[in-house]
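Naming: A, B, ... by sequence-line order, numbering from 1 per chain. Bear in mind the structure is a predicted one, so any value in this text is a computation, not a measurement.
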Protein chains: 2
Amino acid sequence: MISRLEALCLEKGLKMTGQRRVISQVLSEADDHPDVEEVHRRALLIDPRISIATVYRTMRLLEEAQVIERLDFGDGRARYEEAGADHHHHLIDTRTGRVIEFSCSELEAIKERIARELGYRIVAHRLEIYGVPLDEEEGKK
Amino acid sequence: MISRLEALCLEKGLKMTGQRRVISQVLSEADDHPDVEEVHRRALLIDPRISIATVYRTMRLLEEAQVIERLDFGDGRARYEEAGADHHHHLIDTRTGRVIEFSCSELEAIKERIARELGYRIVAHRLEIYGVPLDEEEGKK
DNA sequence: ACTAGGAATGCGAATGATTTTCAGTATTAT
DNA sequence: ATAATACTGAAAATCATTCGCATTCCTAGT
Ligand SMILES: [Mn+2]
Ligand SMILES: [Mn+2]
Ligand SMILES: [Zn+2]
Ligand SMILES: [Zn+2]
């Protein structure tokens with residue numbers, strides 16, 4: 001039972017160590033956007049001798065290998081998610097920290113058009129929406 | 001000759017010290033997106049005894065008072081610009097670091113619609129495009 | 001399976017941006 | 001002018017992340 005990410009690492013010819021296998025598994029099983037500390041915490045449950053430095057190194061390696069994506073939700077730390085899934089963006093509930101994913105082809109098209117009009121080819125982009133639930137608002141009135 | 005930002009600070013009832021006056025002036029005169037070090041550098045030209053700690057404190061104060069906006073272009077440090085101007089986003093040239101501002105009401109409308117559909121009211125949002133010039137690409141071919 | 005050599009790990013120290021602490025100083029209302 | 005209070009500079013503290021280095025682990029070649 002090798003994880004999706006482990007398979008990807010093998011394809012890319014990365015040396016597979018025990019800790020990389022564990023971290024790959026953690027990331028393959030994650031359906032959220034964990035930060036490094038959280039990945040480390042989950043990795044320790046599988047193998048209690050993985051150091052945080054190795055998690056940092058591995059996250060960077062996987063990011064450079066394009067198998068995971070680094071996100072930034074405005075607090076100081078980097079969040080990660082498996083790459084390759086459908087392109088999407090995030091709406092962050094500022095009250096609870098809950099993250100909702102969304103995608104919108106119109107948005108992507110407009111963004112492409114804007115870059116083209118400005119004479120640029122897009123190499124990356126980021127879009128995040130921070131919000132509060134509408135129903136909580138009603139409650140206040 | 002009090003600067004725009006100084007006027008805003010006075011309106012908000014902030015205590016006006018020499019260093020705040022200087023930093024307000026620097027920010028009022030800026031037409032780019034300086035980071036804290038750069039604001040400090042420019043402030044020192046006006047008054048050479050302003051400490052970087054005070055610049056950090058004042059930037060935070062001004063941000064909380066909503067007279068400036070904090071930006072994040074992906075490198076580790078915060079950038080700032082005067083708030084209140086027309087809402088816009090940024091395209092960052094990854095080769096040169098050049099920043100191009102743009103705005104697009106369609107984009108804003110779609111973003112509002114998405115949030116509403118997800119049951120949220122937007123309290124903040126960010127959109128940046130990172131790109132490389134099209135003409136440089138042609139040159140390569 | 002065995003081994004050599006290069007790469008990866010764990011630990012702690014180093015970094016870089018930002019914040020905080022604290023003693024001294026400036027600002028504002030009286 | 002004075003007192004109360006907020007602000008400042010300098011250095012220490014934080015926090016996330018990276019690095020240095022001695023040790024250990026893979027993997028290709030035997
Ligand atoms: Mn996601
Ligand atoms: Mn701008
Ligand atoms: Zn997109
Ligand atoms: Zn916008």
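Scanning for salt bridge (Lys or Arg N to Asp or Glu O under 4.0 Å) contacts around D75(B) gives R77(B), R79(B), with sequence neighbours left out. A search for side-chain hydrogen bond (donor to acceptor under 3.5 Å, both in side chains) contacts involving H40(B) returns nothing, not counting sequence neighbours. Judged as a salt bridge (Lys or Arg N to Asp or Glu O under 4.0 Å), and not counting sequence neighbours, the contacts of R49(A) are D47(A). For H87(A), the ring-ring contact (aromatic ring centres under 6.0 Å, His included) partners are H89(A), H125(A), not counting sequence neighbours. By the side-chain hydrogen bond (donor to acceptor under 3.5 Å, both in side chains) test, E29(A) is found to be paired with Q25(A), residues two or more places apart in sequence or in another chain being considered. In this view, R4(A) and E82(A) satisfy the salt bridge (Lys or Arg N to Asp or Glu O under 4.0 Å) rule, not counting sequence neighbours. For R70(A), the salt bridge (Lys or Arg N to Asp or Glu O under 4.0 Å) partners at least two apart in sequence or on another chain are E63(A).
The distance between the ring centers of F102(B) and H88(B) does not fall below 6.0 angstrom.
If you check residues 42-56 of chain A against DNA chain C, the residues with a heavy atom closer than 4.0 Å are R49(A), I50(A), S51(A), A53(A), T54(A), listed by number. Residues from residues 59-82 of chain A lying near DNA chain C, meaning a heavy-atom separation below 4.0 Å, are absent. Within residues 13-35 of chain A, the residues having any heavy atom under 4.0 Å from DNA chain D are, by residue number, K15(A), M16(A), G18(A).
Each end of the helix from dA1(C)-dT30(D) to dT30(C)-dA1(D) yields a helix axis from five base pairs, and these two axes differ in direction by 40° (to the nearest 10 degrees).
Residues in residues 13-26 of chain A take part in these salt bridge (charged side-chain N to carboxylate O under 4.0 Å, His left out) pairs, two or more places apart or across chains: E6(A)-R21(A).
Of the candidates L61(A), T54(A), V55(A), T54(A) is the only one forming a side chain to side chain contact (heavy atoms under 4.5 Å, CB included) with R57(A).
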